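A short write-up of the structure that comes next.
Quantities reported herein were computed from a predicted structural model and do not represent experimental measurements. The chains referred to below are lettered A, B, ... by the order of the sequence lines, with proteins before strands, and numbering in each begins at 1.
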2 protein chains.
Amino acid sequence: MAGTTRERLLDTALAQFAARGSEAVAVTDLEQGAGLSPGSGSFYRHFRSKEDVLAAVVDREVERAVARRSTAPDTGLDARYAWSLDNLDGMRALIALLVREGGRLPHLDRVQTLLAEEGAHLDADDLRARMARGEIPSRDADAVASVVLFALVGHHLAEQFFGATVGVDRARFAAALASLVAT
Amino acid sequence: MAGTTRERLLDTALAQFAARGSEAVAVTDLEQGAGLSPGSGSFYRHFRSKEDVLAAVVDREVERAVARRSTAPDTGLDARYAWSLDNLDGMRALIALLVREGGRLPHLDRVQTLLAEEGAHLDADDLRARMARGEIPSRDADAVASVVLFALVGHHLAEQFFGATVGVDRARFAAALASLVAT
DNA sequence: GTCTATAACCAGATAGAC
DNA sequence: GTCTATCTGGTTATAGAC
């Protein structure tokens, strides 16, 4: 394992907190995962408490997600949906933390903001504009935007938490969703 | 709070495990929630361990979900999708347990079977039959079935875990999804 | 069946040598 | 910065009176 001890602790914490929830992970586990002697308090030279390291993990993941951000493709619904699935994939660990920790996640507001901004790429106004241009059939734009958003989010969450075999690959899924909206 | 002490312990355990995860809940909390003296070992007159009560909770919820089962409506896609959303609602606590406990949930296989049977009502074969009858346009049936399933599951999960304001009500959501598939 | 009391244990956190 | 050793508090689980 590479990086400073602090970074190795953060890496271990991210992996274990996302997989098992922070309550289920002992500081000892983090020390062991970072190559420190388990049971030594060496962890506390780097973080004040377990809550502190959780906050630092969330912080780092939010920064990373923001840094990874790219602009939504303008080419078509198809490409835009595939792009959104990829974005969700990049936030996989953060989403796992959010779901496992629930309302007690540090920096909860920042994570929610990040996800809301992600969802904004799929908003009803964009659909309304496409409907006005005759690009896609006119329907209840707000409801269709909901369906699109939740189909993409559901695809991601089901895969992550239910181990659901999606059955069809990502491109085919995005294409089917675009086809439903566009015809 | 009504019922026997055992039932009150189960009720408390369900609520708290679903909300915070079993790791975060102490046996003391369960005793308090059931109106027993916290710290007394009275819990252990009813269950052998915390793991034991978690298994009993899952067991009872699976039984309940099976008992609540009704046959899918044949009236139309619209009604069928609304019915599925209601079914997911009835499994809310079980889904929360599954997501919070992850792979260490007792009776995991039974829960997964239950969810898979639920998803089977929305399978590709049904869509293929409707396409063959000309009831809905011909598309990639497997991919469309995926989209439908994940839209419904995503609607439920987003509401449950992100506190997402769905924006449109349940009937409008189901109607929009049916409209996308049917035209 | 529930209580008080307590044993045994483990996790979070600190002190001080190196 | 990491270690050994330890304190402290909370949690699981049991013993025995009522």
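- Remark: P of D:dG1 and CZ of A:F47 are 12 Å apart, rounded to the nearest angstrom.
- In this structure, A:S40 reaches the bases: a heavy-atom distance under 4.0 Å links it to at least one base atom across the strands shown.
- Ranking D:dC3, C:dT2, D:dT12 by closeness to the B:K50 side chain, first place goes to D:dT12.
- Here A:R92 pairs with A:E159 in a salt bridge; the nearest charged N to carboxylate O distance falls below 4.0 Å.
- Distance NE2 (A:H46) to C1' (C:dT14): 15 Å, rounded to an integer number of Å.
- Nucleotide C:dG1 holds its C1' atom 12 Å from the CG atom of B:L9, rounded to whole Å.
- Using a 4.0 Å cut-off, some side-chain N or O of B:T5 falls inside it from OP1 or OP2 of C:dT2.
- Of the candidate nucleotides D:dT2, C:dA13, C:dT4, D:dT2 has the atom lying nearest to any side-chain atom of A:S42.
- Atom CZ of A:R48 has 12 or fewer heavy atoms from other residues, nucleotides or ligands within 6.0 Å.
- The interatomic distance linking A:E31 (CD) with C:dT14 (C1') rounds to 13 Å, in whole Å.
- With rounding to whole Å, B:D29 atom CG is found 12 Å from D:dG10 atom P.
- B:T28 has no side-chain polar atom (N or O) that falls below the 4.0 Å cut-off from OP1 or OP2 of D:dG10.
- Following rounding to the nearest Å, A:F43 (CZ) and D:dT2 (P) show an atom-to-atom distance of 13 Å.
- When each of C:dA13, D:dT12, C:dA17 is scored by its nearest atom to the side-chain atoms of A:R45, the top-ranked nucleotide is C:dA17.
- Atom-to-atom, CG of A:L30 to C1' of D:dT2 comes out at 16 Å; the value is rounded to the nearest Å.
- Note: A:R69 CZ to A:E117 CD = 4.5 Å, rounded to the nearest 0.5 Å.
- Not a single donor-acceptor contact under 3.5 angstrom links the side-chain atoms of B:R8 to the base of C:dG1.
- Between the side chains of A:T183 and B:R139, at least one donor N or O lies within less than 3.5 Å of an accepting N or O.
- For B:S37, whose side chain is taken as the heavy atoms from C-beta onward, the closest listed nucleotide among C:dT4, C:dT2, C:dA11 is C:dT4.
- Side-chain contact of B:E101 with B:S22: a donor-acceptor pair under 3.5 Å is present, judged by distance alone.
- Look at A:Y44 and you'll find a side-chain N or O under 4.0 angstrom from OP1 or OP2 of C:dA13.
- Between the C1' atom of C:dC10 and the CD atom of A:E23 lies a distance of 15 Å, rounded to the nearest Å.
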